[in-house]
Amino acid sequence: MELKLYDTLTREKRMFAPLDPSRVRMYVCGPTVYDFAHIGNARPVIVFDVLFRLLRHLYGVDKVTYVRNITDVDDKINARAAERGVAIRELTEETYRNFVEDVAALGCLAPTVEPRATEHISEMKTLIERLIASGNAYVAEEHVLFSVPSMPEYGRLSKRSLDEMVAGARVDVAPYKRDPMDFVLWKPSKTGEPGWPSPAGIAAPGRPGWHIECSAMSWKHLGETFDIHGGGIDLEFPHHENEIAQSRCAFHTPLMANFWMHNGFLQVEGEKMSKSLGNFFTIREVLADWQGDVIRLAMLSSHYRQPINWTVKGLEEAEKALANFFDAASADAEPRPAPGVLEALADDLNTPKAISEMHALRNAAGRKALAGTLAFFGFRQGAFAQWRDASVPAPALPVDEIDRRIAARLSARQARNFAEADRIRDELAALGVVLKDSKDGTTWELAR
RNA sequence: GGCCACGUGGCGGAGUGGUUACGCAGCGGUCUGCAAAACCGUUUACCCCGGUUCAAUUCCGGGCGUGGCCUCCA
């Protein structure tokens, strides 16, 4: 099976082959742990979980290393901890635990490694020293800055020229920067802020800039170059552009990751998600109303690079589709996804196409393959069924009373008193009990 | 303001230089005393204007709209 993936750097779908044939290495930018993750954060988590599963299927479970970092040093974290009056470590650990719970509820596998930024300060400092030594970074007023003009290919990922960026710049430039585009690798810590002994002979304690942590952690856990780097499209610039500059200049390599993958943005009910519009939802809030598998399917019903419109209608449709899938799937699943599904996924993770293939398996011949496909995707019938049963109200009548009325209706039908039979059925329907007649008798279920 | 994306039928959403996506909803039918469920069938499409082409929803240019980045942000 040939896997094709779209690479943001070259703007084309290319055949994927691991740089090191014996293993596949993937890095995805993870959360900054200061608050509950929102539904937009769930998209890359789910998308790259599917890619992780696909790679494990194609190359072997123990051949794929998936690294997703935890950013636990950041100004927003400092501000939130101060606001709540808790220790930074307490805030980051609590937020991380919540994130892990949310992500597990969405049916995602744990990455192979979840490194924390604060546990990689020494790697960051090593990179910074190297960049200074190679002339790609400089010290100014206790900061270490990356010199963007020293990197000729800067802007290649985001397709921006330095001239365009300077021309369009809206921000004031810090006076100590040699070039307006230069960005911070290390900055001094004020009293009360987390700080570490600084590199480059800077006396004052400091802390890392945002971008350097990903270069350090991917280096430590995957090496100087690796196969896939993923994240949201909003990270393309400046974050990923800066990671590339740091890593390539520090290691003198022509590339950092062989494939750069970016998922599209999420909107809510056709509008930008924002707190001011009142349409901002955390994963936890959505999980209060919808089971994780429903959220997962709804998220995968759009191609990952397309923008996705997050709507209640979409969730309702996902629930319906999931119910249909589980109804059709047999208990004895094949230990693999269906070939058609695999083929769709191998074409740059075309999940909508894969889902349409799953619909095609909802027949007698496809039941085992469908079950295998559902398992492959991480859908969990038990959790879904349990949630669905709990989501309908209990019948307003005791079960034996329902049975008694069904028997009464049967008598009426046998006497061809259909008016009475229909009256009983309507009465039960009004109480939320829906009858179904079949050759084998009458069954009932609760109205949804 | 600069740069980068996206714009498909009632809704969601793939894909393609000429041929069925698929799902939901709707409509028709089979079954049923009638329903429900199930099954079968089925209508509506490619933002606008140019260009290239025998042929464009698909390629190119312009416009409009939406979104992203440029500043913390997935």
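These numbers were taken from a predicted model, which means no experiment stands behind them. As a basis for the values below, the full set of heavy atoms in this structure was taken, side chains included, without hydrogen atoms, waters or symmetry mates. Chain identifiers are assigned alphabetically (A, B, ...) following the order of the sequence lines, protein sequences preceding nucleic acid strands; residue numbering begins at 1 within each chain.
Counting any heavy atom pair closer than 4.0 Å across all strands shown, A:G40 reaches a base atom. Counting any heavy atom pair closer than 4.0 Å across all strands shown, A:R43 reaches no nucleic acid atom. Across all strands, A:R413 comes closer than 4.0 Å to base atoms (heavy-atom distances). At a threshold of 4.0 angstrom between heavy atoms, the contacts of A:F237 are confined to the sugar-phosphate backbone, with no base atom among them. Across all strands shown, A:D437 has heavy atoms under 4.0 Å from base atoms, whether or not it also approaches the sugar-phosphate. Across all strands shown, A:H38 has heavy atoms under 4.0 Å from base atoms, whether or not it also approaches the sugar-phosphate. In this structure, A:P31 reaches neither bases nor backbone, as no heavy-atom distance under 4.0 Å exists between it and the strands shown. Residue-level contact check: A:R68 touches neither bases nor backbone, having no heavy atom under 4.0 Å from any strand. No contact: A:E236 has no heavy atom under 4.0 Å from any strand.
A:K436 places its NZ atom 17 Å from the C1' atom of B:C34, with the value rounded to the nearest Å. Rounded to a whole Å, the CD atom of A:Q306 is 19 Å from the P atom of B:C46. Summarising the geometry, the separation between NE2 on A:H359 and P on B:C39 is reported as 13 Å, rounded to the nearest angstrom. Following rounding to the nearest Å, A:K272 (NZ) and B:C73 (C1') show an atom-to-atom distance of 9 Å. Rounded to an integer number of Å, the gap from A:L428 CG to B:A35 C1' is 14 Å.
The pair A:K320-A:E316 does not meet the salt-bridge criterion, since no charged nitrogen lies less than 4.0 angstrom from a carboxylate oxygen.
At a cut-off of 3.5 angstrom, the base of B:G15 holds no donor-acceptor pair with the side chain of A:N350. The base of B:C72 has none of its N or O atoms less than 3.5 Å from a complementary donor or acceptor on the side chain of A:D234.
The residue among A:I308 and A:L266 whose nearest nucleotide of RNA chain B is located toward the 5' end is A:I308.
We find that the ring of A:F265 and the base of B:A74 stack, their centres lying under 5.5 angstrom apart and their planes tilted less than 30°.
B:C6 is paired with B:G65 under the Watson-Crick or G-U wobble criterion, all donor-acceptor distances under 3.5 Å.
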